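Inspection log for the structure reproduced underneath, given as structure tokens.
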Protein chains: 2
Amino acid sequence: MTGQSKGQEVKDQMPDENLLYDLAELFKVFGDSTRIRILFALFESEMSVSDIAESLQMTQSAISHQLRILKQSKLVGARREGKQIIYSLADDHVRTIINQGWDHVTE
Amino acid sequence: MTGQSKGQEVKDQMPDENLLYDLAELFKVFGDSTRIRILFALFESEMSVSDIAESLQMTQSAISHQLRILKQSKLVGARREGKQIIYSLADDHVRTIINQGWDHVTE
DNA sequence: TAAACACATGAACAAATGCTCATATGTTCA
DNA sequence: TGAACATATGAGCATTTGTTCATGTGTTTA
């Protein structure tokens, strides 16, 4: 027996404070229906900003603001193609995370 | 050629609006550092409210408010044990979702 | 080069969120 | 039964967040 309380014991095993914060920040990005809908749209195929805006029936500005957040979190990537900017899903983590969430919601 | 724009094509394949909303709501729950820390604490073992509060160095009230949200989303379960209420992780989806997020953040 | 097009961005504002404080509910035990 | 303990909850408040509106930046084309 160490004499430590359960709260203390568990506290000692908690991961780094900053990493937990980053993790919460990541999930926060998934936690908005506009951004989720953007990700689902990009699930199908890469698209320009205006294509996404049309697909979600939202203004170009609103979409652009959210794309910036998605890009900062490295959930999407972007490349220029003439006047347009083409956005696409960054990697497979995005798909996996969304799929897991999907399972939880649809069961 | 159908004459449909790309935005329209993708829109036609989007999942149900309400499900996407629920999915965003789910991730929103993970998207707060207090709740993430609670989940990590429960990762180790089930605990009472006051144990969690001590472990996270937060007030009982703040923890209780957040536990309610976690319970509503079915991410944690609770059972009474005397005066205490013992909370625990609901199922393995929670672990999987967090692990995937963890991979994205730590790589 | 000037106009047209595609996208990005800052300010402003309404809505949502998380904590605190006070207090209510529920359980045990003397 | 009443006091002590554990947890839940409502109101209030400060902060964060997402959209709109106006405008800025970058690219193509006439």
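Just so it is clear: chains get the letters A, B, ... in the order the sequence lines come, proteins before strands, and each one is counted from 1. Note that this is a predicted model, so its numbers are computed, not measured.
Rounded to whole Å, atom P of D/dA6 lies 12 Å from atom CZ of B/R80. Atom CG of A/D32 and atom C1' of C/dA15 are 13 Å apart (whole Å). Between the P atom of D/dG18 and the CG atom of A/L67 lies a distance of 13 Å, rounded to the nearest Å. Protein atom CD1 of A/I63 is 15 Å distant from nucleotide atom P of D/dC21, rounded to whole Å. We find that CZ of A/R35 is positioned 4 Å from P of D/dG18, with the value rounded to whole Å. When rounded to the nearest whole Å, the span between CG of A/L70 and P of C/dC7 equals 16 Å. Regarding B/I86, its CD1 atom lies at a distance of 11 Å from the P atom of D/dA8, rounded to whole Å. Atom-to-atom, CD of B/Q66 to P of D/dT7 comes out at 16 Å; the value is rounded to the nearest Å.
Checking C/dT27, D/dT20, D/dT9 against every side-chain atom of B/S64, the shortest atom distance belongs to D/dT9. Taking every side-chain heavy atom of A/K83 into account, D/dT28 is the closest of D/dT28, D/dA8, C/dT20. Of the candidates C/dC7, C/dG18, D/dT9, the closest approach to any side-chain atom of A/S48 belongs to C/dC7.
Counted by atom type alone, A/E54 and B/S5 present one or more donor-acceptor pairs between their side chains at under 3.5 Å.
Heavy-atom nearest nucleotides on DNA chain D were determined for A/K28 and for B/V49, and the one closer to the 5' end corresponds to B/V49.
Side-chain atoms of A/Q60 and base atoms of C/dA8 include a donor and an acceptor less than 3.5 Å apart. For A/H65 against D/dT17, a side-chain-to-base donor-acceptor contact under 3.5 Å is absent. Side-chain to base pairing of B/S61 with D/dT9: one donor and one acceptor N or O lie within less than 3.5 Å of each other.
Note that CG of A/L89 is 7.0 Å distant from CD1 of A/I98, once rounded to the nearest 0.5 Å.
For the pair A/K6 and A/E9, the salt-bridge criterion is not met [side-chain N within less than 4.0 Å of a carboxylate O].
Distances shown here put every side-chain N or O of B/Y87 at or beyond 4.0 Å from the OP1 or OP2 atom of D/dA6. Note on A/T59: every side-chain N or O is 4.0 Å or more away from OP1 and OP2 of D/dT19.
In this structure a side-chain-to-backbone donor-acceptor pair under 3.5 Å is present from A/N99 to A/R95.
For the pair B/R35 and B/F30, the cation-pi criterion (under 6.0 Å, within 45° of the ring axis) is not fulfilled.
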